[in-house]
Amino acid sequence: MDKLLIEGGARLTGEVAVSGAKNAALPILCAALLSAEPVTFTNVPRLRDVGTLLALLGQMGVGIEREGDAVTLDAGALTAPVAPYEMVKTMRASILVLGPLAARCGEARVSLPGGCAIGARPVDQHIKGLQAMGAEVAVEHGYIHVRAPRLKGARLVTDMVTVTGTENLMMAASLAEGVTVIENAAREPEVIDLADCLTAMGANISGAGSDTIRIEGVPRLRGARHRIMPDRIETGTYLCAAAVTGGEIRLTGAQAASLDAVIDKLIEAGCTVRGEPGVIHLRAPSRLAAVSLRTAPYPAFPTDMQAQFMALNCVAGGAAMIRETIFENRFMHAVELQRLGADIHIDGNTAVVRGVDRLQGATVMATDLRASASLIIAGLVAEGETTIERIYHLDRGYERLEEKLAALGAKVRRIA
Ligand code: UD1
């Protein structure tokens with residue numbers, strides 16, 4: 001199993017290009033299931049999660065052509081509207097095929113995702129929404145069976161803000177008969193990117209980016225071309241990595257507007273951050289100030305940046321309180337950070353981090369995607385060598401990570 005070796009102490013400087021967003025690419029690639037015509041996507045990141053989803057779509061009979069960062073999907077002749085457990089268990093976002101398959105094929109058989117390291121993560125809201133649109137749903141033998149000759153528009157109110165739930169229902173509604181209104185919708189930029197793609201395919205959607213999305217169903221969607229938005233979590237991760245090393249970096253292909261809450265916290269920590277169209281520039285002070293935060297749905301501070309900011313607070317001046325409100329078990333990186341000498345106390349969903357003068361390199365284990373990113377950030381400032389095990393988690397969501405870090409001056413290498 002691959003490991004990452006980091007020799008701490010290098011100041012990150014220079015320029016790096018941000019890749020297309022994993023969390024936009026996954027739903028948007030699933031949108032191709034809604035059309036019988038080919039759809040071309042550009043700026044598709046080369047990630048393990050994208051590979052897993054393409055394999056799943058391929059199994060369903062979707063034609064796949066890949067050239068550089070472009071992927072063309074042709075769902076003209078779907079063979080089986082089925083997502084087996086073996087695929088769904090490795091990537092929960094596979095649930096995003098449920099809505100499109102139900103709408104396009106009138107039936108779907110998708111494995112229940114089950115729990116994952118960061119919490120239970122049920123999909124009841126996805127199911128409840130499809131039922132409200134007239135689908136018959138049965139959960140049997142670990143599979144969700146959906147039957148719906150033609151979905152009907154409905155008023156859907158989700159019990160909590162769910163990103164993939166909103167996306168699944170928006171895709172299903174775009175081919176439903178009549179008008180669907182999703183209330184309490186997720187406002188994440190990735191939801192807007194998906195709506196833009198569906199609109200290019202001929203869907204009739206308004207309100208994406210607000211908490212009320214209105215979709216007027218159309219009988220069919222056509223082929224289109226869509227560019228995936230930049231990855232705001234990858235962007236935030238590099239900003240944190242540069243900040244913690246007292247560095248100065250320029251991120252190109254980035255979108256500052258989708259990162260307001262994160263940039264505000266970096267400024268509060270003492271960084272100078274400038275956003276221009278397509279570019280973010282950050283200059284860090286020699287020592288950061290601790291910043292408290294609370295995760296919540298967009299536009300508040302993203303749970304996917306919580307671990308990285310915990311690492312940042314480990315070496316900042318002062319103490320910070322971090323409250324995680326989205327997932328119940330998302331502090332697993334804390335014990336690994338403690339192995340590097342961090343001073344962290346956890347009480348339920350709250351972590352208190354007291355900055356220490358220095359961390360010390362050690363062997364640590366990555367537990368999930370963003371936890372791995374926090375260990376890298378800590379390793380970049382730890383004294384001596386840090387070995388991060390189980391980095392396959394990182395390959396799920398960061399494109400060419402060690403190459404990009406090395407280009408910024410980090411001493412990092414992958415060993416088998
Ligand atoms: C998406 C992101 C993930 C991010 C998360 C929160 C993708 C592919 N993944 O995950 O990176 O961390 O949003 O910003 O975009 N919930 C239910 N029932 C449901 C659906 C959700 O109880 O049917 C709960 C979840 O357990 C969680 C909360 O709602 O506590 C938010 O989850 P949700 O927004 O659905 O996360 P994902 O869409 O899975």
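Every heavy atom of this structure was used, including side-chain atoms; hydrogens, water molecules and symmetry mates were not. In each ligand, atom 1 is the first atom listed, and ligand 1 is the first ligand listed.
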A.B. asks: Check whether NZ of the Lys or CZ of the Arg R109 lies under 6.0 Å from the centre of the six-membered ring of Y143 and within 45 degrees of that ring's axis.
C.D. replies: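 Yes, a cation-pi geometry holds between R109 and Y143.
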A.B. asks: Measuring from atom 29 (O) of ligand 1, which candidate in E324, M160, E190 has the nearest non-hydrogen atom?
C.D. replies: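 It is M160 whose heavy atom sits nearest to atom 29 (O) of ligand 1.
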A.B. asks: Under 3.5 Å between any N/O of R92 and any N/O of ligand 1: does that happen in this structure?
C.D. replies: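 No, since none of the N or O atoms of R92 sits under 3.5 Å from an N or O of ligand 1.
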A.B. asks: With V44, which residues qualify under side-chain contact (heavy atoms from CB on, under 4.5 Å), at least two apart?
C.D. replies: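 Listed in chain order: F41, V50, R66, V71, I228.
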A.B. asks: Within the structure, does P122 bring an N/O atom to less than 3.5 angstrom of an N/O atom in ligand 1?
C.D. replies: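 The answer is yes, given that P122 and ligand 1 share an N or O pair closer than 3.5 Å.
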A.B. asks: Regarding K128 and D159, does a basic nitrogen lie under 4.0 Å from an acidic carboxylate oxygen?
C.D. replies: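 D159 and K128: salt-bridged.
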A.B. asks: Salt bridge between E399 and R46, side-chain N to carboxylate O under 4.0 Å?
C.D. replies: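 R46 and E399: not salt-bridged.
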A.B. asks: Is it the side chain, the backbone, both or neither of F327 that has a heavy atom closer than 4.0 Å to ligand 1?
C.D. replies: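 Just the side chain.
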A.B. asks: Would you kindly specify which portion of R330 sits under 4.0 Å from ligand 1, judged on non-hydrogen atoms: side chain, backbone, both or neither?
C.D. replies: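 Looking at R330 and ligand 1, just side chain atoms fall under 4.0 Å.
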A.B. asks: Based purely on interatomic distance, does I326 place a nitrogen or oxygen under 3.5 Å from a nitrogen or oxygen of ligand 1?
C.D. replies: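 Yes.
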A.B. asks: Do the side chains of P84 and Q59 get nearer than 4.5 Å, heavy atoms only?
C.D. replies: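 The answer is yes; the side chains approach within 4.5 Å.
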A.B. asks: Taking side-chain contact (heavy atoms from CB on, under 4.5 Å) as the definition, give me every residue that meets it alongside T72, ordered by chain and number, with sequence neighbours left out.
C.D. replies: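 side-chain contact (heavy atoms from CB on, under 4.5 Å) check on T72 returns P38, T40, E65.
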A.B. asks: With heavy-atom distances below 4.0 Å as the criterion, list the atoms of ligand 1 near T303.
C.D. replies: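 Answer, ordered by atom number: 6 (C), 12 (O), 14 (O).
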A.B. asks: For V161, which part has a heavy atom under 4.0 Å from ligand 1: side chain, backbone, both, or neither?
C.D. replies: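 Backbone only; the side chain of V161 stays clear of ligand 1.
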A.B. asks: Any N/O of T162 closer than 3.5 Å to an N/O of ligand 1?
C.D. replies: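 N/O-N/O distance below 3.5 Å exists for this pair.
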A.B. asks: Has ligand 1 got any nitrogen or oxygen that is less than 3.5 angstrom from a nitrogen or oxygen of E167?
C.D. replies: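 Such a contact does not occur with ligand 1.
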A.B. asks: Mind checking whether T164 has an N or O less than 3.5 Å away from an N or O of ligand 1?
C.D. replies: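 The answer is yes, given that T164 and ligand 1 share an N or O pair closer than 3.5 Å.
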